[in-house]
Trainee: 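The structure is given below, and queries will be raised subsequently.
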Amino acid sequence: MTDGPNTPQSARDQANTTERAVWEQLDRVQDPEIMRPITELGMVQGVSVDEAGHAEVSILLTIAGCPAARRIEADTQAAAAAATGVTQASVEVGVMTPSERKAFIERVRGDRGSRPVQFGPDSLTRVIAVTSGKGGVGKSSLTAGLATALAAQGLTVGLIDADVFGFSIPSIMGLSRDGQTVQPTQVGDMILPPVAHGVKVISIGMFLGDEDPRTTAVSWRGPMLHRTIEQFLRDVWFGDLDVLLLDLPPGTGDVAISVGQLLPQAEVLVVTTPQEAAADVAVRSALVARQTGQKVLGVVENMSGFVQPDGTVLDLFGAGGGKLVAERLSDEEHGVVPLLGSVPLSPGFRIAGDSGDPAVLTEPNDPAAAEVLRIAHELSRHGRGLAGRPLTVTPR
Ligand SMILES: Nc1ncnc2c1ncn2[C@@H]1O[C@H](COP(=O)(O)OP(=O)(O)OP(=O)(O)O)[C@@H](O)[C@H]1O
């Protein structure tokens, strides 16, 4: 926004000492969807404090009744009330005009016009696509657990539920309860992903309108699926992310190929169970990713032995599947594909996932949650391999 006579910046410049103290407090109020201060986003229109210390703050929201409205209003009120010299604070809430909204979108996105797909080859965001051969191996639970664990480490994390037919991320992340799914805020053509447990999340399950996601099927063919993934990467505003995780549908279908085309620099994490029979199909899903130029980051075995109350381990689904997949994917051309971890079967992990409160936060000592936390730590410790990537700085 330019600093004209009636802009927030000029209002701030003309503020007296107490009003300046209020502005400084407001610098700490974040828009919960954009995760940037409301002052920086131009959402604070004015601050006035009278002689009795009564502060009045006027803020502008993008659209009336946006999901974040109450929280922004409450946080603004609390911040203003905490400023030195303020005895009482009230907030006046308005809604942006179309031109203010347009300026807001430009400010947030930093663009004017056509937008490329985010997280393309030049992006510094690490993109990890989680795939599996078979369904039901716990791919979505692990993806959600890893995303939450990485966010808890302080990274900025996005999560795309690309499992269009079997979307389950909204409920695992607590964004869908009793058939009601949180819907993203839409500002112009910019879609703001809801934030859950510190992770920006988007899923087809958020675009079903009033339909109950528990009883609604999405039956699309390839081109429609491709457009959806493309739209998620173009119109959903994630901002700068350290890591973007994608929960792919099981198998080797259209979505995996689209992700490979749109995000060729993505690394692929393969989830499998300990059953040897699951290994072949898990290997195939990784080979499809390789065909589109993606690198296989590693393998995670899920539903490994069940730790019984007496401490003995019961291998319900057999043993060795993860190791087998990792070995089959390792060769001279691609190097060693590591087995990054083995996540045991754990009732607590399942119960937490069903309730929308990931076990990595609520039950960090649960054996499955602890292993997911360890894998997340390993992932962030090693970072993305830069070998073969063009340098983005030009030597002088
Ligand atoms: N380590 C584990 N211990 C116990 N239960 C688990 C574990 N991992 C996943 N589950 C449970 O298994 C079920 C299937 O998991 P999930 O939905 O994550 O699988 P998926 O591979 O994503 O399936 P699909 O691809 O078919 O959507 C869920 O009920 C989940 O809570």
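The structure presented is a predicted model; accordingly, all values stated were derived computationally and were not measured. We count ligands from 1, going down the list as the structure has it; atoms in each ligand are counted the same way.
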Trainee: With a cut-off of 6.0 Å (strictly less than), are more than 12 heavy atoms of other residues, nucleotides or ligands near CG of Asn16?
Mentor: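 Enclosed.
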Trainee: Output yes when a side-chain donor or acceptor of Asn302 lies under 3.5 Å from a complementary backbone atom of Val137, and no otherwise.
Mentor: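 Side chain of Asn302 to backbone of Val137, a donor-acceptor pair under 3.5 Å: yes, one is there.
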Trainee: Are any side-chain N or O atoms of His197 and backbone N or O atoms of Gly356, one a donor and one an acceptor, separated by less than 3.5 Å?
Mentor: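 It does hold such a pair.
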Trainee: Can a donor-acceptor pair be found, under 3.5 Å and without considering hydrogens, that links the side chain of Glu106 to the backbone of Ala103?
Mentor: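 Not a single qualifying donor-acceptor pair exists.
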Trainee: Looking at every heavy atom in both Val270 and Ala286, which two are closest together, and how far apart are they?
Mentor: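 Closest pair (atom of Val270, atom of Ala286, distance): CG2-CB, 3.7 Å.
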Trainee: What are the polar N/O contacts of ligand 1 with the protein below 3.5 Å, with distances?
Mentor:
from	atom 1	to	atom 2	distance (Å)
ligand 1	1 (N)	Asn302	OD1	3.0
ligand 1	1 (N)	Pro344	O	3.0
ligand 1	3 (N)	Ser346	N	2.9
ligand 1	3 (N)	Ser346	O	3.4
ligand 1	8 (N)	Asn302	ND2	2.9
ligand 1	18 (O)	Ser140	N	3.4
ligand 1	18 (O)	Ser141	N	2.8
ligand 1	18 (O)	Ser141	OG	2.6
ligand 1	19 (O)	Gly138	N	3.0
ligand 1	21 (O)	Gly136	N	3.3
ligand 1	21 (O)	Val137	N	3.0
ligand 1	21 (O)	Gly138	N	2.9
ligand 1	21 (O)	Lys139	N	2.9
ligand 1	22 (O)	Ser140	N	2.8
ligand 1	22 (O)	Ser140	OG	2.6
ligand 1	23 (O)	Gly136	N	2.9
ligand 1	25 (O)	Lys139	NZ	3.3
ligand 1	26 (O)	Gly136	N	3.1
ligand 1	27 (O)	Asp163	OD2	3.3

Trainee: Under 3.5 Å, is there a donor-acceptor pair between the Asp357 and Thr362 side chains?
Mentor: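 Looking only at side-chain atoms, Thr362 and Asp357 do not form any donor-acceptor pair under 3.5 Å.
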